[in-house]
Amino acid sequence: MSTGSVLAMRSLELHEVALPLVRPFRTSFGEERAKRAILVRVDGGDVTGWGECVASEEPRYSEEWLAGAWLALLEVLGPSLLAGGPIRDPEEVGRRLRWVRGHRMAKAALEAAVLDGWLRLEGRSLTSFLGGVRDRVPCGVSVGIAPSVDVLIDEIRGYLAAGYQRVKLKIEPGRDVEVVRQARKDFPDTPLSVDANGAYTVADLPLFEALDELDLLMIEQPLDHEDLLEHARLQARLRTPICLDESIRSARDASAAIELGACRVINIKPGRVGGVLEACRVHDVCARDGVPVWIGGMLETGVGRAPNLALAALPGVAMPGDTSASDRYFVQDVTEAFVLRADGTMAVPDGPGIGVEPLSERLEGCRIRSAFVRVD
Ligand code: OSB
Ligand code: MG
């Protein structure tokens with residue numbers, strides 16, 4: 001894929017940021033009030049590249065967590081990337097880091113930063129490099145567990161008024177079928193889905209049978225992330241497609257899950273699979289097997305939102321993603337705000353690289369700590 005540009009790797013910096021959320025985001029595994037993220041900056045001499053690490057504050061969504069990712073980047077992955085010298089081909093990032101097991105979110109941040117810098121040298125946008133075919137993409141919204149059904153219904157009403165084309169409701173045991181039934185009743189024509197983040201077991205079959213009656217687009221990650229076989233058994237009992245999120249960490253996982261019948265839809269997140277290049281391979285496997293995909297989110301700042309939108313422009317992305325506007329998450333984003341258009345779509349950044357960068361005064365305003373990666 002190389003076309004000749006060579007990205008110098010003069011230095012690598014990590015910046016931890018904390019952005020207040022407009023409202024707490026609650027899922028079956030906890031509540032977040034502020035978004036903390038690690039932003040990675042590659043100094044390539046003539047250009048700068050940025051990437052975001054989506055590891056959460058605590059290791060609940062996956063084994064990775066922010067403080068762990070910080071160390072992994074600083075002491076293992078960052079030095080390993082720098083030690084290989086200049087980058088001629090973005091695929092090289094994955095090759096240099098392959099010896100490290102796991103740590104996909106940390107690896108994805110480095111790959112994104114290198115891609116951003118390298119594509120800026122090429123004068124080319126990430127979406128064009130990945131094979132995007134749309135300049136705007138339909139957007140959905142992921143709605144956290146609310147304190148009451150009334151609050152939830154109001155929140156949904158606000159998102160629909162803004163134009164969001166699909167609503168995903170977080171569920172957990174005790175706050176599931178009643179809530180979803182009410183939402184279905186109040187919004188009979190809205191494309192609705194639910195996301196359990198693995199909070200249920202096969203013993204909850206009656207609950208899934210009840211959800212199966214509510215005309216949902218999909219049920220996301222109902223069971224434990226390690227249990228593909230149980231997902232296959234559950235899918236065989238339901239008309240509603242199961243969508244896998246946490247269970248899919250690679251294109252290989254996607255192939256296996258599809259062959260087993262563990263899902264009929266896949267949520268692609270570049271951080272979860274180790275980078276946008278692997279995300280494209282997941283996309284390709286799903287396109288080959290006729291499985292619709294959409295692009296998920298991890299409450300990214302603008303730095304991580306941009307690559308998600310680039311991916312959402314790929315031809316096999318068949319459904320609105322969790323690619324919501326900056327103001328759904330933050331009082332103020334770290335980049336220029338991503339804005340939802342009245343038709344419920346968002347523009348795919350088309351400038352060189354990821355097409356956005358942190359604004360320096362905003363970065364300073366939300367930065368908690370910084371560090372330089374050293375090469376020994
Ligand atoms: O399961 O999709 C998920 C956020 C953090 C961790 C996991 C998930 C989510 C979301 C939010 O659903 C998606 C977004 O709007 O970024
Ligand atoms: Mg999910």
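What you see is a predicted model, and the numbers here were worked out from it, not measured in a lab. Just follow the structure's listing: the first ligand is 1, and inside any ligand the first atom is 1.
Contacts of ligand 1 (protein heavy-atom distance under 4.0 Å) are F25, Y61, S142, K168, K170, D195, N197, E220, D245, K269, G297, M298, L299, D322, Y329.
Nearest approach of S28 to A196, heavy atoms of both residues: OG-O, 2.9 Å.
Among residue pairs with one or both ends in residues 66-78, none qualify as side-chain hydrogen bond (donor to acceptor under 3.5 Å, both in side chains); sequence neighbours excluded. The ring-ring contact (aromatic ring centres under 6.0 Å, His included) analysis of residues 34-53, with sequence neighbours excluded, yields the pairs H15-W50.
Looking at T301 and E52, their side chains do bring a donor and an acceptor atom within 3.5 Å of each other. If you check the side chains of S148 and D150, you find no donor sitting under 3.5 Å from an acceptor. D350 and S125 form no side-chain donor-acceptor contact under 3.5 Å, judged by distance and modelled atom types alone.
Counting Ile, Leu, Val, Met, Phe, Trp and Tyr side chains that sit under 4.5 Å apart, directly or through other members, F25 shares a hydrophobic cluster with L19, L21, L299, Y329, F330.
Checked against the Mg ion (ligand 2), the N, O or S atom of D245 at the shortest distance is OD2. Taking the Mg ion (ligand 2) as reference, E220 places its N/O/S atom OE2 nearest. Among heteroatoms of the N, O or S kind in D195, OD2 lies nearest the Mg ion (ligand 2).
Using a 4.0 Å cut-off between a side-chain N of Lys or Arg and a carboxylate O of Asp or Glu, D284 and R281 do not qualify as a salt bridge.
Metal site remark for the Mg ion (ligand 2): E246 contributes no N, O or S atom at a distance under 2.8 Å.
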